[in-house]
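Throughout, protein chains are lettered first and strands after them, A, B, ... in sequence-line order, and every chain is numbered starting at 1.
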There are 2 protein chains.
Amino acid sequence: MCEEGYAAVTSRRLGAEAGVNPQLIHYYFQSMDNLFLELWRRHTDRSLVLLSQAFISQSPLRTLWENSITARGASLAAELMALARHRKVLRAEIARTVESIRRMQTSALAGIMDEYGLTKSLGRPEILTVLITGMTRILVVEDELGISLGHADTRALIETWIDRLEPKARSGSGGPEKPKD
Amino acid sequence: MCEEGYAAVTSRRLGAEAGVNPQLIHYYFQSMDNLFLELWRRHTDRSLVLLSQAFISQSPLRTLWENSITARGASLAAELMALARHRKVLRAEIARTVESIRRMQTSALAGIMDEYGLTKSLGRPEILTVLITGMTRILVVEDELGISLGHADTRALIETWIDRLEPKARSGSGGPEKPKD
DNA sequence: GTCTATATAATGATAGAC
DNA sequence: GTCTATCATTATATAGAC
C-alpha cells in the first residue's frame with residue numbers, strides 16, 4: 001500500500017504476497033472494505049502506543065517528531081485517507097478516530113506547551129498538533145515520490161527549534177553517559 | 001477525482017459524465033496514463049498563473065495563502081500525488097514539475113522574506129514554501145474528509161501572522177477605498 | 001468525430017470439496 | 001482452515017461502420 005498506492009492492494013495480490021490463495025483473504029476479512037477498516041484500526045492502535053511512549057519520554061516533542069517522521073505511519077495514514085474518499089465506510093471511521101486521537105495528543109501537548117512557554121506564541125495546543133501532523137505528512141509523502149526540495153532545510157529548522165526547547169544532555173569527554181532511570 | 005478519489009475516475013465514468021461514449025475518452029487521450037498526465041499539466045499551468053498573480057498583488061503572502069486554501073488545487077494535487085504512487089509515468093513527471101514550481105515560488109518568496117525581515121527567523125526561503133504547501137494541503141484534505149479539529153485555530157494563527165506582515169489598508173468612514181493602479 | 005461491437009484482463013465474492 | 005472452481009462485474013483498449 002505504501003509502495004504502490006491503495007489501488008495495488010487487491011485480494012489476489014495479498015494472497016500471492018502471503019503465499020496463500022486469494023480466497024483466504026475473504027475468509028478472514030470478508031470484504032475489502034472490512035480489510036481496510038482492520039488495517040486502519042491496527043494503524044491507530046500503533047499510533048496510540050507511539051503517542052503514549054512520547055509523553056513519558058524525557059523529550060516528548062522530539063520523540064513525537066521523530067516517531068512521526070521516521071515510521072511508515074505517516075505514509076500509511078496518507079494512503080488510507082486517500083482511499084477513504086473512495087470508500088464510504090472508511091470515511092466515517094477515519095474522520096471519527098482522527099479527531100479522537102487528535103484530542104488526546106492535544107491535551108498531552110497542552111501541558112508541554114505551558115511548561116515550555118509556547119502558549120503565548122502558538123496559542124491553543126491543537127495548533128501544534130495540526131502543525132506537526134501536516135509537516136510530517138508532506139515531508140514523508142513527498143520524499144517517497146522523489147521530491148526533496150526544501151526538505152532538509154525545513155527539517156533542520158524544526159529540529160533546531162526542538163533542540164532549543166528540549167536540549168540534549170551533553171555527554172562528558174569519557175563518552176556518552178546513560179542517564180539512570 | 002476530488003470528490004470520490006482517483007479510483008473513481010474511469011473512462012466509463014468520464015464518458016457518462018460527459019454524455020458521450022467511453023470510447024471517445026480513448027480517442028482523445030489514448031490511455032488513462034496520458035489522461036492523468038494531461039490533467040496534471042492543466043493543474044500545474046493553473047498553479048503557475050495563480051503564483052504569478054500572487055506576486056504582482058499588493059499582498060503576495062495573503063494572496064498566495066488564500067489561493068492555496070481556497071482553490072480545489074490542493075485537493076487535486078493531493079489526489080494526483082496519491083495516484084502517482086500507482087502510475088510510474090505520473091511519478092516522474094510530478095516529481096520533476098513540483099520541484100520546478102517550488103524553485104520559482106522559492107525565488108519569488110526570497111524577495112518577500114527579505115523585505116519583511118523574515119530571513120533571520122525562518123532561514124532559507126524554500127522553508128516557507130514547504131510550510132505553506134504542507135499546511136494548506138492538510139487543512140484542505142482533512143476538511144474534505146470531515147476532519148476539522150484544530151483547523152479554525154490554525155488558520156487564525158496563520159492569518160494573524162500574515163495580517164501583521166501585510167496589514168490590510170484600513171478604509172475610511174466613507175466605505176472601502178479602491179487603490180488606484 | 002461519434003457510434004457499435006468486441007477482445008482481454010483483472011477485480012470482489014461465493015459455493016463446495018477436502 | 002485451505003483448496004478448486006466459478007460467477008458477475010468492471011476495467012482499458014482496439015477495430016471498424018457511419
Side-chain angles (χ1 to χ4, degrees), chain A residues 1-45 75-97 144-145, chain B residues 1-45 72 75-95 97 144-145:
Chain A
M1 176 167 248
C2 290
E3 288 162 16
E4 298 181 36
Y6 67 76
V9 181
T10 66
S11 55
R12 283 174 152 80
R13 188 79 185 273
L14 287 170
E17 218 101 5
V20 298
N21 279 358
Q23 288 84 343
L24 260 196
I25 307 298
H26 289 98
Y27 174 75
Y28 283 106
F29 295 96
Q30 293 83 48
S31 66
M32 291 303 283
D33 266 346
N34 192 51
L35 181 143
F36 288 123
L37 260 179
E38 292 290 333
L39 178 58
W40 173 256
R41 283 176 188 142
R42 197 171 298 197
H43 165 70
T44 54
D45 283 351
S75 167
L76 185 61
E79 206 59 41
L80 281 164
M81 287 173 72
L83 177 58
R85 287 197 178 171
H86 195 57
R87 294 185 181 258
K88 295 177 189 172
V89 284
L90 258 187
R91 193 185 153 134
E93 171 85 354
I94 285 184
R96 207 176 53 78
T97 50
E144 284 175 340
L145 279 177
Chain B
M1 176 168 248
C2 291
E3 289 161 13
E4 299 182 35
Y6 67 77
V9 181
T10 67
S11 55
R12 282 176 153 78
R13 188 78 187 274
L14 287 170
E17 217 101 5
V20 297
N21 280 356
Q23 289 84 344
L24 261 195
I25 307 298
H26 289 98
Y27 175 75
Y28 282 107
F29 294 97
Q30 293 83 48
S31 66
M32 291 303 285
D33 267 347
N34 193 51
L35 182 143
F36 288 122
L37 259 179
E38 291 290 332
L39 177 59
W40 172 255
R41 282 175 188 143
R42 198 170 299 197
H43 165 70
T44 53
D45 284 351
R72 327 110 211 73
S75 166
L76 186 61
E79 207 59 40
L80 281 164
M81 286 172 72
L83 177 57
R85 287 198 178 170
H86 195 58
R87 293 186 181 259
K88 295 177 188 171
V89 283
L90 259 186
R91 192 185 156 135
E93 172 84 355
I94 284 184
T97 51
E144 284 175 340
L145 279 178

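- Atom C1' of nucleotide C/dG1 and atom NE2 of B/H26 are separated by 16 Å, given to the nearest angstrom.
- Contact annotation for A/Y28: backbone-only contact, meaning every heavy-atom pair under 4.0 Å involves sugar-phosphate atoms and none involves a base.
- Rounding to whole angstrom units, CD1 of residue A/I25 and C1' of C/dA10 are separated by 16 Å.
- Applying salt bridge (Lys or Arg N to Asp or Glu O under 4.0 Å) to A/R85 and the options B/E3, B/E4, B/E144 leaves one that passes, B/E144.
- The CE-P distance, from B/M32 to D/dT10, rounds to 16 Å in whole Å.
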(message) Applying side-chain contact (heavy atoms from CB on, under 4.5 Å) to B/M1 and B/F36, what does each step give before you reach the verdict?
(response) CA-CA 11 Å; B/M1 176 168 248; B/F36 288 122; 3.6 Å; yes

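- Nucleotides of DNA chain D nearest to B/R13 and A/L24 differ in position, and the one nearer the 5' end is that of A/L24.
- Residue A/Q23 contributes atom CD, which lies 17 Å from atom P of D/dG1 at whole-angstrom precision.
- Annotation: of the two residues near DNA chain C, B/N21 and B/R12, the 5′-most nearest-nucleotide partner is B/N21.
- Taking atom NE2 of A/H86 as the reference point, atom P of C/dT11 lies 14 Å away to the nearest angstrom.
- In this structure, B/P22 and B/S11 approach most closely via the heavy-atom pair CB-O, 3.5 Å.
- Two residues, A/A8 and B/Y27, neighbour DNA chain C, and the one matched to the more 5' nucleotide by heavy-atom proximity is B/Y27.
- Here the closest non-hydrogen pair linking A/A84 and A/I94 is CB-CD1, 3.8 Å.
- The CG-C1' distance, from B/D33 to D/dA11, rounds to 14 Å in whole Å.
- What separates CG of B/L14 from P of D/dT10 is a distance of 16 Å, to the nearest Å.
- Across the protein-nucleic acid pair, B/F29 atom CZ and D/dT12 atom C1' stand 15 Å apart, rounded to whole Å.
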